[in-house]
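Beneath this line is the structure, given in structure tokens, with notes to follow.
So you know, we letter chains A, B, ... as the sequences are listed, proteins then strands, and number each from 1.
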Protein chains: 2
Amino acid sequence: MNEQEKNTEEEILDAASRIFQKKGMSGARMQEIADEAGINKSLLHYYYRSKDKLFLSVFRQAVKNLIPGIRNILFTDMPLFDKLDRFIREYMGVLLGNPFLPMFILHELQRDPDRLFKEFQKAGIEPSRILHQFEQSMEKGEMRRISPRHLMINVLSLCVFPVAARPMMQRFLFDNDAEAYQAFLNERADVVSEFVINAIRP
Amino acid sequence: MNEQEKNTEEEILDAASRIFQKKGMSGARMQEIADEAGINKSLLHYYYRSKDKLFLSVFRQAVKNLIPGIRNILFTDMPLFDKLDRFIREYMGVLLGNPFLPMFILHELQRDPDRLFKEFQKAGIEPSRILHQFEQSMEKGEMRRISPRHLMINVLSLCVFPVAARPMMQRFLFDNDAEAYQAFLNERADVVSEFVINAIRP
DNA sequence: AAGTAGTTTAACCATTTGGTCAAATATAAA
DNA sequence: TTTATATTTGACCAAATGGTTAAACTACTT
């Protein structure tokens, strides 16, 4: 019973996650989510009181999936290039395991930035530490001079964009060949890591 | 009269563009668009028969804004590094002039990929030419070896992502300081150009 | 067996939303 | 001025949508 409850509740959350990620908050229909979960629409309201609450639960879960692996790496003591390499690999891994997350988060954050960004702050990621390490490495001459924030965004861009823009890029550069694009994404960690390190090697 | 018509029709398109870009197709309401244009809702249906048709007009216009400046550069004969530099500058310029376009296009393309991608094909962008130039430059030893497609996506990523992910990044890296982020974006063309060229210089 | 609390469903409701239509208004041609 | 045509509006409609409720069902306790 408690098992069944967990199952239903979780099944709803998974179904809602799939629908929300595909269609966004406003594009998703409660009936659609209920169908996807194989249950009655009223059950959605029984477990999560409103569409808004259900959405927030999904969004929180999404943030949870995206954040924690990364934090460990950023907070570890490690030579810069090693850390960059490990971060890129870890981050690409998370993205490939949740390919719809980036667009989902970016789009919903545009819809309701302040409220949803708070969910991120709860996860407690602090960029200042890694930005500081960038500066130190520059002072020590271990890397070229570049604005730490630009470098940070460069790394994120190179990882996130190819996953988020897949529907566009797969068609644009790969003739809509899904397998080819998947292979392409699987090479990405190597390519990005090499690209970034080449760009900043002194 | 014909003037007034053009004015009304265009005013509607502009209003619709603003609303659609902010809220997406499914998040936008016809009434909201009518209000934004300062007219009656029926007028929307008088000029554009349905929401879907109105959306398609907006999307087409968006593609038009995004594409043409770029094509010229890609099709020009120029040394590789110069071409990359000019492309990055031109592309960043277009993006900064239409900051909501990227997310709009990416999100809507995820909703209805095949139909909307055709609108791009009409614009007639052909990646094969620039990919080919990448290969030739590698053979001549003018640049490091890297998969042309990866390089292409790297450049696009570095330009598009910081604009598309602004609501996230401005808060994450800049304490939600809008002016600081704008300044950051204005430096981008320089930074990206240098970053890319450093990464591939032999 | 009966009671109790949690779970699920079908029927229903109020509001929103895209869309229609006939009437009204402006515009230009005759 | 009259006539024809294009533009604009307000009232209205049917469908979709998020949400409610009372009843039915289940499982567990006594």
Side-chain angles (χ1 to χ4, degrees), chain A residues 1-62 104 107-108 110-112 115-116, chain B residues 1-62 104 107-108 110-112 115-116:
Chain A
M1 189 191 189
N2 205 334
E3 261 182 51
Q4 185 59 20
E5 179 188 338
K6 260 275 170 284
N7 275 344
T8 306
E9 198 172 335
E10 225 163 277
E11 183 53 48
I12 290 178
L13 204 68
D14 287 354
S17 182
R18 285 190 290 272
I19 301 293
F20 276 136
Q21 289 197 36
K22 205 185 300 176
K23 314 210 166 182
M25 158 73 164
S26 43
R29 303 296 121 177
M30 293 296 269
Q31 186 59 57
E32 202 182 359
I33 294 173
D35 292 347
E36 173 90 10
I39 49 138
N40 192 286
K41 190 177 58 138
S42 305
L43 257 197
L44 299 183
H45 292 91
Y46 176 73
Y47 283 105
Y48 308 83
R49 312 241 321 168
S50 66
K51 188 187 185 183
D52 196 72
K53 295 250 175 56
L54 175 56
F55 173 80
L56 200 61
S57 296
V58 168
F59 191 85
R60 287 199 174 120
Q61 197 205 35
F104 174 66
H107 178 252
E108 297 303 336
Q110 188 156 357
R111 218 181 32 98
D112 191 356
R115 176 171 167 236
L116 294 181
Chain B
M1 187 195 191
N2 206 335
E3 259 182 52
Q4 185 59 20
E5 179 190 335
K6 258 276 171 284
N7 276 343
T8 307
E9 197 171 335
E10 225 164 276
E11 182 55 48
I12 291 178
L13 204 68
D14 287 355
S17 182
R18 287 191 289 272
I19 301 293
F20 276 137
Q21 288 196 36
K22 205 186 301 175
K23 312 209 166 181
M25 158 73 165
S26 43
R29 303 295 114 163
M30 293 297 267
Q31 185 59 57
E32 201 182 359
I33 294 172
D35 293 346
E36 173 90 11
I39 51 141
N40 193 287
K41 190 176 57 136
S42 306
L43 258 196
L44 299 183
H45 291 90
Y46 177 74
Y47 283 104
Y48 307 83
R49 312 238 324 165
S50 66
K51 186 186 187 185
D52 197 71
K53 294 250 177 54
L54 176 55
F55 173 80
L56 200 61
S57 297
V58 168
F59 191 85
R60 287 201 173 116
Q61 197 205 34
F104 174 65
H107 177 251
E108 296 304 336
Q110 189 157 357
R111 217 180 33 97
D112 192 354
R115 176 172 167 234
L116 294 181

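- Between the CG atom of A/Leu44 and the C1' atom of C/dT8 there is a distance of 12 Å, given to the nearest Å.
- Rounded to whole Å, the distance from OH on A/Tyr48 to P on D/dT20 is 17 Å.
- In terms of the side-chain hydrogen bond (donor to acceptor under 3.5 Å, both in side chains) criterion, B/Ser50 has no residue partners (sequence neighbours excluded).
- Rounded to whole Å, atom P of D/dG10 lies 12 Å from atom CD1 of B/Ile39.
- To the nearest angstrom, P of D/dT20 lies 17 Å from OH of A/Tyr47.
- The CD1 atom of A/Ile33 sits 18 Å away from the P atom of D/dA16 (whole-angstrom rounding).
- Partners of A/Tyr48 under the ring-ring contact (aromatic ring centres under 6.0 Å, His included) rule, at least two apart in sequence or in another chain, do not exist in this structure.
- Applying the salt bridge (charged side-chain N to carboxylate O under 4.0 Å, His left out) test to residues at least two apart or on different chains, the pairs with a partner in residues 43-52 of chain B are B/Asp52-B/Arg115.
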Look for any protein N or O under 3.5 Å of an N or O in nucleotides 11-17 of chain C and output each such pair with its distance, or none.
{"unit_1": "C/dT17", "atom_1": "OP1", "unit_2": "B/Arg29", "atom_2": "NH1", "d": "3.3"}

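- Put simply, B/Tyr46 has no side-chain N or O that comes within less than 4.0 Å of OP1 or OP2 on D/dT8.
- Rounded to an integer number of Å, the gap from CD of B/Gln31 to C1' of C/dT20 is 15 Å.
- For D/dT8, the OP1/OP2 oxygens have a side-chain nitrogen or oxygen of B/Thr8 closer than 4.0 Å.
- With contacts defined as side-chain heavy-atom distances shorter than 4.5 Å, the pair A/Glu108/A/Phe55 qualifies.
- In this structure, A/Arg49 atom CZ and C/dT7 atom P are separated by 15 Å, rounded to whole Å.
- With sequence neighbours left out, the salt bridge (Lys or Arg N to Asp or Glu O under 4.0 Å) criterion links A/Arg60 to A/Glu119.
- For residues 23-37 of chain A, the set of pairs meeting the salt bridge (charged side-chain N to carboxylate O under 4.0 Å, His left out) definition, not counting sequence neighbours, comprises A/Arg18-A/Glu36, A/Lys23-A/Glu32.
- Residue B/Leu43 contributes atom CG, which lies 5 Å from atom P of D/dT9 at whole-angstrom precision.
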